[in-house]
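Side-chain atoms are counted along with the backbone in the values below, which use heavy atoms only and exclude waters and symmetry mates. Sequence positions, counted from 1, serve as the residue numbers for this chain.
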Amino acid sequence: GAQWARAWADAGLAVIGLQHPGSDDAAYAALAAAPPAERAARLRAATGPQQLVARAGDVRFVLDELGRRRREGRCDLGRIDPDRIGLAGHSMGAWTVQALAGQRWGGERRLIDRRPRAFVGLSGSQLEPGDPAQLFDGIARPYLVISGTRDGGAEEDIVARRTAVWRGLPADGRKYLALFGDATHMMFAGNRPATLPLGQRVEADVIRLTIAFWRRWLLEDRRADAVLANPGLTAADRWEQK
């Protein structure tokens, strides 16, 4: 998420990036180096329910520390307003966002945290079978769903999978969907600058839309409503608000 973090910081937002031992880069590097017979089990361990619980706990720890610490190294944490926190994540990070926003898991909203004010889920998906409206009806705060029509494997209905969260979110005027035509999974990771024209356009639009979303729902800047009402995407893209 370096591209997103850099752009948000340039827009005047404080940005904290989290790494999660057990499901981070090191875990996936170890997965690639493991014997083929062990990879499936290691992948399940890196993406299983225990990791979701641990990730939610990591976010809570950071939010707790923001209220306790005044400095971290050279960083003045006192500049951060604890009442204007946003949470964003890609792929498994989006699962973490969904859980903390209020998704039901095992019939309960057990991982919800009331402190973040708004959420961005990039390449999110439904964690368990069921009616999306019953799983996501507890997400009562502003939420932006971002994905693409090629954000998945050829063997699946990508659009249905990536819009499940959107379909289940309650309509309160503060929910948004950006679905980019032909955009792939890693275009939403924001790991490094895009090099191809489609990726560059998607990157620019994600930055523009997320900054408008943060400004509207974290800073209460109503001038951002103009961007959110008319985002200026291409005909191949889909933008909705409910």
Worksheet item: Considering only heavy atoms from C-beta outward, does the side chain of Ile80 approach that of Ile85 to under 4.5 Å?
Response: yes

Fill in: Non-hydrogen atoms of Leu198 and Met187 that approach each other most closely
CD2-CE, 3.8 Å

Worksheet item: Can you find a heavy atom in the side chain of Leu66 that is under 4.5 Å from one in the side chain of Ile16?
Response: yes

Fill in: Which atom of Gly102 lies closest to which atom of Ile139, heavy atoms considered
C-CG1, 3.9 Å

Worksheet item: Are Arg162 and Glu156 close enough for a salt bridge, meaning some N to O gap below 4.0 Å?
Response: no

Worksheet entry | Closest approach of Gly1 to Asn191 (non-hydrogen atoms, all atoms of both residues) | N-OD1, 3.4 Å

Discussion item. Please check this pair: side chain of Glu240 against backbone of Ala178, looking for a donor-acceptor N/O pair closer than 3.5 Å.
Written reply: no

Worksheet item: Below 4.5 Å, heavy atoms only, C-beta onward: do Tyr143 and Val145 meet side chain to side chain?
Response: yes

Fill in: Test log, rule side-chain contact (heavy atoms from CB on, under 4.5 Å), inputs Phe180 and Asp151
CA-CA 9 Å; Phe180 292 91; Asp151 187 359; over 6 Å; no

Worksheet item: Considering the options Asp205, Leu228, Asn230, Leu177, which one meets the side chain to side chain contact (heavy atoms under 4.5 Å, CB included) requirement together with Trp239?
Response: Leu228

Worksheet item: Considering residues at least two apart in sequence or located in another chain, which fulfil the side chain to side chain contact (heavy atoms under 4.5 Å, CB included) criterion with Asp172?
Response: Arg174, Lys175

Practice prompt. Would you mind reporting whether Leu52 and Thr96 have side-chain heavy atoms less than 4.5 Å apart?
Written response: yes

Discussion item. If the threshold is 4.0 Å, N to carboxylate O, is there a salt bridge linking Glu203 and Arg201?
Written reply: no

Worksheet item: Would you say the side-chain atoms of Tyr176 and Trp217 include a donor-acceptor pair closer than 3.5 Å?
Response: yes

Fill in: 4.5 Å side-chain heavy-atom contact, Gln126 and Phe136
yes

Worksheet item: Does the Arg141 side chain pair with the main chain of Phe119, one donor and one acceptor, at a distance under 3.5 Å?
Response: no

Worksheet entry | Polar side-chain atom of Arg117 near backbone of Asp83 as donor-acceptor pair, under 3.5 Å | yes

Worksheet item: Do Val59 and Trp95 sit in the same hydrophobic cluster, where Ile, Leu, Val, Met, Phe, Trp and Tyr count as joined when their side-chain heavy atoms come under 4.5 Å apart?
Response: no

Worksheet item: Nearest heavy-atom pair of Pro132 and Ala164: which atoms, and what distance?
Response: CB-O, 3.4 Å

Discussion item. Quick check: is Ile146 connected to Leu169 through a chain of hydrophobic side chains (ILVMFWY, heavy atoms under 4.5 Å apart)?
Written reply: no

Fill in: By ring-ring contact (aromatic ring centres under 6.0 Å, His included) - contacts of Trp214 (at least two apart)
Trp8

Item to complete: Mind listing the closest non-hydrogen atom pair of Ala118 and Phe213 along with its distance?
Response: CB-CE2, 3.8 Å

Worksheet item: If we only count heavy atoms from C-beta on, is the Gln3 to Pro193 side-chain gap below 4.5 Å?
Response: yes

Worksheet, complete the sentence: Of all heavy-atom pairs linking Gly121 and Ala94, the shortest is CA-CB, 4.1 Å

Worksheet item: Has the side chain of Arg60 got a donor or acceptor atom that lies under 3.5 Å from a matching backbone atom of Leu111?
Response: yes

Worksheet item: Quick one: CZ on Arg215 to OG1 on Thr210, what's the gap to the nearest 0.5 Å?
Response: 12.0 Å

Discussion item. In this structure, would Met92 and Leu122 fall into the same cluster of hydrophobic residues linked by side-chain contacts under 4.5 Å?
Written reply: no

Discussion item. Using side-chain heavy atoms (C-beta onward) and a distance below 4.5 Å, is Val165 in contact with Thr163?
Written reply: no

Worksheet item: Hey, does Arg104 have a side-chain heavy atom less than 4.5 Å from the side chain of Asp137?
Response: yes

Worksheet item: Under the 3.5 angstrom rule, does the side chain of Asp221 hit a backbone N or O of Arg216 as a donor-acceptor pair?
Response: no

Item to complete: Let me know which of Arg68, Glu65, Arg69 forms a side chain to side chain contact (heavy atoms under 4.5 Å, CB included) with Leu77.
Response: Arg69

Item to complete: May I ask whether Leu87 and Phe61 are part of the same hydrophobic cluster, defined by side-chain heavy atoms of I, L, V, M, F, W, Y residues being less than 4.5 angstrom apart, directly or through others?
Response: yes

Worksheet item: Just by modelled atom types, is the Arg74 backbone N or O under 3.5 Å from a matching donor or acceptor in the Arg71 side chain?
Response: yes

Worksheet entry | Any donor-acceptor N or O pair under 3.5 Å, side chains Ser147, Trp166 | no

Fill in: Polar side-chain atom of Arg208 near backbone of Pro231 as donor-acceptor pair, under 3.5 Å
yes

Worksheet item: Counting only N and O atoms by type, is there a donor-acceptor contact under 3.5 Å from the side chain of Gln98 to the main-chain atoms of Gln103?
Response: no

Response to the item:
Thr149 meets the side chain to side chain contact (heavy atoms under 4.5 Å, CB included) criterion, sequence neighbours left out, with Val159, Leu179, Asp182

Discussion item. Nearest 0.5 Å, please: how far is CG in Asp113 from CZ in Arg115?
Written reply: 4.0 Å

Worksheet item: Going only through I, L, V, M, F, W and Y residues with side-chain contacts under 4.5 Å, is there a path from Leu18 to Val120?
Response: no

Discussion item. Main chain of Ala133, side chain of Arg167: is a donor-acceptor contact present, judged purely on distance under 3.5 Å?
Written reply: no

Worksheet item: Within 45 degrees of the axis of the six-membered ring of Trp105 and under 6.0 Å from its centre: does Arg110 put its NZ or CZ there?
Response: yes

Discussion item. Determine whether a donor-acceptor pair (N or O, by modelled atom type, separation under 3.5 Å) exists between the side chain of His90 and the backbone of His185.
Written reply: yes

